[in-house]
Protein chains: 2
Amino acid sequence: MAGATAPLLGLEKKSLREQALSALRTAITSGELAPGRHLVETELSEMLQISRGTLREALRQLEQEGLLSAGPRGRLSVRHLDAKEIRDIFSVRAALESLAARTLCELPDREYAIRSLRTAIDAMEAATHGTLEERIETDMDFHRTMCRLTGNETLLHSWESLEGSIRMSIMFAGLDKGVRNMGVDRHHDIVAAIETGDASLARTTIRDHMDQAADNLVA
Amino acid sequence: MAGATAPLLGLEKKSLREQALSALRTAITSGELAPGRHLVETELSEMLQISRGTLREALRQLEQEGLLSAGPRGRLSVRHLDAKEIRDIFSVRAALESLAARTLCELPDREYAIRSLRTAIDAMEAATHGTLEERIETDMDFHRTMCRLTGNETLLHSWESLEGSIRMSIMFAGLDKGVRNMGVDRHHDIVAAIETGDASLARTTIRDHMDQAADNLVA
DNA sequence: CTGTGGCGTATGCTCAACAGTTAACACCGC
DNA sequence: GCGGTGTTAACTGTTGAGCATACGCCACAG
């Protein structure tokens, strides 16, 4: 593996900016900051106990992730997703993950990848009766792992840029739609397709999975 | 500075941050700021005549676009792309544009889209004997237009996030590889496939186009 | 009912400063 | 000369105060 960054002591000291970023992301994707809500810099900086300057850097990042939308005079508000936007997000997601699956299918040795993905599925199954949050987390882990295993940093980065929007989509519509089945079977199908190296099958499986997921959310 | 704030028709006044963003993007993709070069905030802020705070906001955005890479202590440097990374970037690009083409293929009325794309190709042909910069510009316009025409904002946003990396790839390897043919014919093929609604053909055409483009760059 | 001027608010941007961390370099004893 | 050591300079991370501007709101006059 290309362990460029030394793990050192396992504890990476995060800058205040990164902490604020995480906190805001969580607040948004958890619904604490409801869609449409206006964000006031001074309020947030006081709330997070950081300066306005540092906060603004974090806000720029969230804006580019698509979690915030900019109003007329730079006024930020939590992005509101409608049904079409959710479908659009999942379309892009499907395209990225299809590329991931295809890339994995073309690997000469897929053993390690298969094992990693099955481990991720095991975590999903273990969380089947857990909280909604846990199920979302393990589900996202599976898909992020798939992208990471390709070794394509750009692909992983693109997917991670979309992750916030995906979580917002689930949060936005997933709650009143009741408990959703995260489709462990589907994930097994995807891994199976990768195992046999059938890129085409993997692609259609992922696309079906995404279409169905989007349908569940906006139905 | 400005005496009367006359609202210039059609021209949106860009914030200093956005101006700095554009300036830096151009400086990087033009090679003025060479790959690997360390960026010093105080230098840049003085160069661009903006404060450090405002500059840092722009830098965060460039970092997320993948044009800058962060060193150990937050030290930023212009990202250096190797052959594999260029191929990876073009793989993701192909995946996104394939989705765009497929989406356009599924439109009930593709007339407007076809016309827009042909106009973009015309611009490319008009720039055939122009500067390298002009040819790159018109080429990017075509592909950006294709993404925009889908009406999928997320897709467009993802593509635009990749645009800087694409330009860097071309700049990085395109110059010493000599004048490249931007492949007007290929673009005609793509539009033709969209016109007939053949999503599969459009997909393979785009992928071939991208593979070939990447090969040209890293060969 | 209308418009108009003031006031509060929030963003865009700047400046000055300090802490903490590295890298560079000069220095010193051996 | 050489290894260890101190000192310093360079940068980033972060803060706080502060100013200009633009927008919305509201009272008040017409």
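Proteins get letters first, then strands, A, B, ... in listed order; numbering begins at 1 in each.
Closest contact between the side chain of A:V40 and the listed nucleotides C:dT11, D:dG13, C:dC13 involves C:dT11. Comparing atom distances between the B:L16 side chain and each of D:dT15, C:dT14, C:dG12 picks out C:dT14 as nearest. Here C:dG12 is the nucleotide among C:dG12, C:dT11, C:dG20 with the atom lying nearest to any side-chain atom of B:S15.
Nucleotide D:dT14 holds its P atom 12 Å from the NZ atom of A:K14, rounded to whole Å. A:Q19 has its CD atom 10 Å from the P atom of D:dT15, to the nearest Å. The CD atom of A:E46 sits 15 Å away from the C1' atom of C:dA10 (whole-angstrom rounding). The distance between atom CG of B:L39 and atom C1' of D:dC11, rounded to the nearest whole Å, is 13 Å. As a whole-Å value, the separation of A:L55 CG from D:dT15 C1' is 13 Å. The interatomic distance linking B:R17 (CZ) with C:dC13 (P) rounds to 7 Å, in whole Å. Taking atom CD of B:Q49 as the reference point, atom C1' of C:dC15 lies 14 Å away to the nearest angstrom. B:L59 places its CG atom 11 Å from the C1' atom of D:dT12, with the value rounded to the nearest Å.
Within 4.0 Å (heavy atoms only), B:E18 reaches no atom of the nucleic acid at all. B:G53 comes within contact range of no nucleotide atom at all, as no heavy-atom separation falls under 4.0 Å. B:R56 comes within 4.0 angstrom of a nucleotide base, judged by non-hydrogen atoms across all strands.
Salt bridge annotation for A:K84-A:D88: present, with a cationic side-chain nitrogen under 4.0 angstrom from a carboxylate oxygen. A salt bridge links B:R60 to B:E63: at least one charged side-chain nitrogen sits closer than 4.0 Å to a carboxylate oxygen. The pair A:R87-A:D215 meets the salt-bridge criterion, since a charged nitrogen lies less than 4.0 angstrom from a carboxylate oxygen.
No side-chain donor-acceptor contact under 3.5 Å links B:R93 to the backbone of B:L162.
Contact of A:R73 with D:dG24 (side chain to base): no donor-acceptor pair of N or O atoms is detected under 3.5 Å. A donor-acceptor contact under 3.5 angstrom links the side-chain atoms of A:R52 to the base of C:dG12.
For A:R75 and B:E41, each mapped to the nucleotide of DNA chain D holding its nearest heavy atom, the one lying further toward the 5' end belongs to B:E41. Nucleotides of DNA chain D nearest to B:E43 and A:S51 differ in position, and the one nearer the 5' end is that of B:E43.
At a threshold of 4.5 Å between non-hydrogen side-chain atoms, the residues B:F90 and B:D211 do not count as touching.
OP1 or OP2 of D:dT15 lies within a sub-4.0 Å distance of a side-chain N or O belonging to A:T54.
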